[in-house]
Amino acid sequence: MPQASPRGTYLQVSESLRQKIESGDIGDALPSEAALMRSHGVARNTIRRALKALEADGVVESAPGIGWRIVRGEDRRSLAERMTDVIAEDSLSVGDTYPSEAKLCERFGASRTAVRRVLAQMEGNGLLATVHGKGRTVRALPTSTVRP
């Protein structure tokens, strides 16, 4: 970017990335932050603000261990929401076995770390219980929430 913009340099960068994504110039994953810094001639903070703006619009998402990837018509709910909804989608009742970490990773295309983090959150919220040697079981059914 040659000079300061009253609109905000990060917005110019995000718009440039959005156009490249929409035209198909970028595959499934964005280049690294360092590569984006070099190609746009801006600081890391500017790149991060641009990526956060695209994330807020549902265009990209952060994938731990991978970087930033493009969201293409996928389910835009959080991993926690999708994993909680497994109870209803799979018609699980209290006492039923919840799917394994491996099956959840495969089902949602998420890392084991991310799945474990959500499972711990679900256990903390009282939805799941871990039984040694048997895996996780449904402890309580989630309360329904109205989504906008």
Side-chain angles (χ1 to χ4, degrees), residues 8-40 42-148:
T9 305
Y10 79 97
L11 291 172
Q12 289 180 338
V13 171
S14 69
E15 192 56 38
S16 169
L17 289 171
R18 184 187 311 272
Q19 289 172 358
K20 289 179 183 178
I21 290 167
E22 289 172 357
S23 69
D25 292 344
I26 297 177
D28 290 333
L30 292 173
S32 68
E33 288 181 3
L36 291 171
M37 287 168 48
R38 284 190 299 275
S39 66
H40 288 85
V42 296
R44 184 175 303 272
N45 191 46
T46 302
I47 294 298
R48 287 185 176 163
R49 287 183 71 188
L51 292 171
K52 288 292 184 186
L54 290 172
E55 182 180 39
D57 290 344
V59 176
V60 298
E61 67 182 354
S62 175
I66 297 171
W68 289 89
R69 67 179 191 171
I70 299 167
V71 175
R72 298 202 190 273
E74 297 175 3
D75 189 348
R76 293 189 178 175
R77 295 175 296 155
S78 71
L79 181 59
E81 288 175 311
R82 292 184 289 162
M83 285 177 57
T84 300
D85 289 347
V86 165
I87 296 170
E89 290 168 3
D90 293 359
S91 302
L92 299 177
S93 301
V94 174
D96 289 348
T97 302
Y98 192 77
S100 68
E101 288 177 5
K103 289 196 185 296
L104 292 167
C105 290
E106 183 180 328
R107 182 172 180 168
F108 297 114
S111 70
R112 190 167 290 251
T113 302
V115 166
R116 283 181 177 166
R117 187 176 302 126
V118 174
L119 288 170
Q121 184 180 29
M122 291 174 74
E123 287 178 9
N125 291 338
L127 293 176
L128 300 177
T130 301
V131 179
H132 184 70
K134 293 190 177 188
R136 290 179 180 83
T137 59
V138 177
R139 184 173 173 192
L141 299 177
T143 57
S144 60
T145 56
V146 177
R147 292 193 184 111

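What you are looking at is a predicted structure, and each value in this text was computed from that prediction instead of being measured.
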Tell me, please, which residues at least two apart from [X] pass side chain to side chain contact (heavy atoms under 4.5 Å, CB included).
| X | value |
| --- | --- |
| L127 | T84, M122, P142 |
| S91 | none |
| A80 | S78, V118, Q121 |
| E55 | K52, V60, S62, W68 |

Could you pull out the closest heavy-atom pair between [X] and [Y], with the gap in Å?
| X | Y | answer |
| --- | --- | --- |
| A43 | M37 | C-CG, 4.1 Å |
| I87 | A140 | CD1-O, 4.4 Å |
| P31 | L36 | O-CD1, 3.7 Å |
| S93 | V138 | O-CB, 3.5 Å |

Who pairs with [X] by salt bridge (Lys or Arg N to Asp or Glu O under 4.0 Å), at least two apart in sequence or on another chain?
| X | value |
| --- | --- |
| K103 | none |
| D90 | R107 |
| R18 | E15, D57 |

By the salt bridge (charged side-chain N to carboxylate O under 4.0 Å, His left out) test, which pairs, at least two apart or in different chains, include something from residues 29-39?
E33-R44, E33-R48
Close side-chain approach of [X] to [Y], heavy-atom, < 4.5 Å:
| X | Y | result |
| --- | --- | --- |
| Y10 | V42 | no |
| V115 | F108 | no |
| S39 | L17 | no |
| R49 | V13 | no |

So, taking the atom named [atom1] in [X] and the one named [atom2] in [Y], what distance separates them when rounded to the nearest 0.5 Å?
| X | Y | atom1 | atom2 | result |
| --- | --- | --- | --- | --- |
| T9 | N45 | OG1 | CG | 11.0 Å |
| I26 | R69 | CD1 | CZ | 15.5 Å |
| D96 | T137 | CG | OG1 | 9.0 Å |
| I47 | H40 | CD1 | NE2 | 6.0 Å |

side-chain hydrogen bond (donor to acceptor under 3.5 Å, both in side chains) involving [X] - partner list, sequence neighbours excluded:
| X | value |
| --- | --- |
| S23 | D25 |
| E123 | T130, R136 |
| K20 | none |
| R139 | none |

